[in-house]
Every structure is written in structure tokens, then in C-alpha cells.
Amino acid sequence: MAIELRQLSPVSMDVLIIGGGIIGLSIAVELAKTQGRVGIIDGGFPGTAAQAAAGMLAPGAEQIPPGAMRDLCEASLQCYPAWIQDLEERTGQTTGYWPCGIVVPVTSQAGGHHRGLWLNREQLDQHQPGLGADFIGGWWYPNDGQVDNRLLHAVLYQAAQSLGVQFFSHETVVRIASQGTKITQVVTHEASHQAGHYVLTTGAWTYKLLSLPVRPRKGQMLALQAPHAPGLNQVVFASAYLVPRRDGRLVVGATSEDVGFQDGITAGGLHQLLEAAIQTYPPLRDWPILETWWGYRPVTPDECPILGPSPWENLTLATGHYRNGILLAPITAHLISKYLNGHPWPSELAFCRWDRFGHTLNLL
Ligand code: GLY
């Protein structure tokens, strides 16, 4: 079905996506399957969630309370196998998708929204030998898993290129211009771009362009080298999370810091991560550190994403995915593509609309 676009004249593209992270690329790939000219502007900032995330697919282990947000996360998890298969077949590249399950070892059974399978200490040891002595057991989420977000980003980029998506890389958007209820152009340091429709996927950087309540929530991370691959049998999620890649790299995350855009690794951040990681799985004390990095989650006041229509008839929003952007990528792409193809925004997704916050929205 063709996108119902209210064409501006002249236009250089049918749809212009502002933000080349996992969400922007996922939407671009979906749109480019059925549409003509799709473009992406990407500022190439350091600290994007696409590069910084651990890639956990964890609606269970993240303990998302029951309700519409959890349903959305579960629906996206269900999309993953077919979505990944399509991307990998298109590109001939792997994303490192691994539905390995996630275990959440605990020191007490009280609290939280756990709904996994309970493992007592003996069962936990069979499941994952070597966990810290303080754990009394753990919750097992067999349907949770992981994807290598950096590989996924590269695969999405390649898929988008093969589908003819036009890239405007390393262009920083300075301003989005409007006239009445229409966006008229996107101005970058390099050029000004016009399109029939625009999609905003700028993650933690959103508030620089639009007065939406999306803020950066910093996370510091590190990676260790396990002596044997993979270092653990599944993801382990305690006060730190340990995400074993199939090649023996172990990703350890993450701090959660409300410090704005404050680039860099700190002594306190690393100390917190290493202490929690060693307590969770003492054998990793001897593993070499491969890399440290940081990134910014795009957090909203209610920790749910902002998806769907905006006050401008040719601007659609897909931002604020906070801790679940990698997980929510396929369902976001599906929903935004469907909306741009003329379907109304579903009423059960009102919890994702920008106007739930009760503020007016201004371009900055
Ligand atoms: N999804 C894990 C995190 O945001 O740290």
C-alpha cells in the first residue's frame, strides 16, 4: 500500500527520518520495502543507545509492570525471530540474535514484578554454575534473550542501503521549520532537506529539536573477555547484568545516572559495575577488561516511549524508548510504517502518544 503523503512541492524525498539509530534504521527498512524515496539524517553523535546498549531483549527480567507497556514489549519480542531472519537473509550478515533466556538471581524472594519460573539455589547452580554465594535462588525467563546491538545496527544499515535508503550522515540537525500545521524543512549544518513526511527518531537528543520531555539517562558499561566462549550459559541480571556474546565477550552493564550529557567513564561508575559484576559471578574477577564505554538512554517521565502522531500533520514521533529500544525496534517499525500507510493510530496505543503529558509542543 502506498504511503498517504500530503506532498509538498518540490520534495526531495517521500519520507525523511531524523535520527539514524536502531529505531530510525528499523523504520527506514520497513518503509523502504513498500515505498519510494526514504532518507535518513544522522548526526553521528557518540553515546547513542545503538552502540552503547547491551542488547538485552528482556520484558521479563526488566520487570515491566503488567499493562499496555508490557504488552507492547511482549509483542515486539514475538516479532524478533522473523524480523531477524528477514534482515539476515537480506544482508547475509549475522545480528548475534540469541534467544538464550535470562536468569535473575536474588538474595530474597520479596518485591518486584517477577513472573518467571522460580529456581531454588540447587536448580540455579545447575542452570548457571559459579554464581555468587548470597543468592538464595533466581527467576528464569526462558523467552527473554539478546541481540548484538552493534551488529544489528550494522545489519540494519546494510539492509537500508540495499533497499535504496538515502543517507545524510554526520549532518547535525539545527532546526525543524514549520508553517501552520506542516513541517516545511529540516535544516542541518550542511543543507536543508524537504520531504512529504518526517519521522523523528532522535532518542536522547530529542529535546534539542522539540519540547518533548525526553532526557538522557547515562549508562556506563564495560566488556570482559571470558576464557571460553560463551562465558555464561545465558544472560544473568542481578545488580549488574552480564550479557555473554557467543564469541566470549561478556558485556557488563550498567549505571543509571541522571547527569545530562556528561560524556566519559568515571572511577565511581566503573567501581559500581565491577563490584556488582564480581558479586554476581565471582570467576570473572580474573577476566581481562576489553573495553569501557557509555551511552544515553532516552527516558520519558513515565518511562514509556513516545510514538505516533504529532501536532504537525506530516511529522510522526518515535522516540523515548528508555531501557527497551532494542527490544521495541521491530514493533515500532511495524506500527510507524502502518500509520504512514494510512491506518489510524491504534486506540490501545494512546499511552504512547505525545499529548499524554498535557503540555503543548513547540519546535525549538
Ligand atoms: N536495557 C538495559 C539498560 O538500559 O541498562
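In listed order, ligands and their atoms are each counted from 1.
- Distances from ligand 1 to the non-hydrogen atoms of Tyr241 include at least one value under 4.0 Å.
- Around atom CD of Glu348, more than 12 heavy atoms belonging to other residues, nucleotides or ligands sit under 6.0 Å away.
- Qualifying ring-ring contact (aromatic ring centres under 6.0 Å, His included) partners for Tyr141, counting only residues two or more places apart in sequence or in other chains: none.
- The protein non-hydrogen atom at the shortest distance from atom 4 (O) of ligand 1 is Arg297 NE, 2.6 Å.
- Seen from the ring of Tyr207, Arg215 counts as a face-on cation partner, given the 6.0 Å and 45° thresholds.
- Close placement of the Trp205 and Phe261 rings is indicated, their centers lying within 6.0 Å of each other.
- Closest to atom 1 (N) of ligand 1, if we only count protein heavy atoms, is Arg323 O, 2.9 Å.
- Of all atoms in ligand 1, numbered sequentially from 1 with element shown, those under 4.0 Å from a heavy atom of Glu62 are 1 (N), 2 (C).
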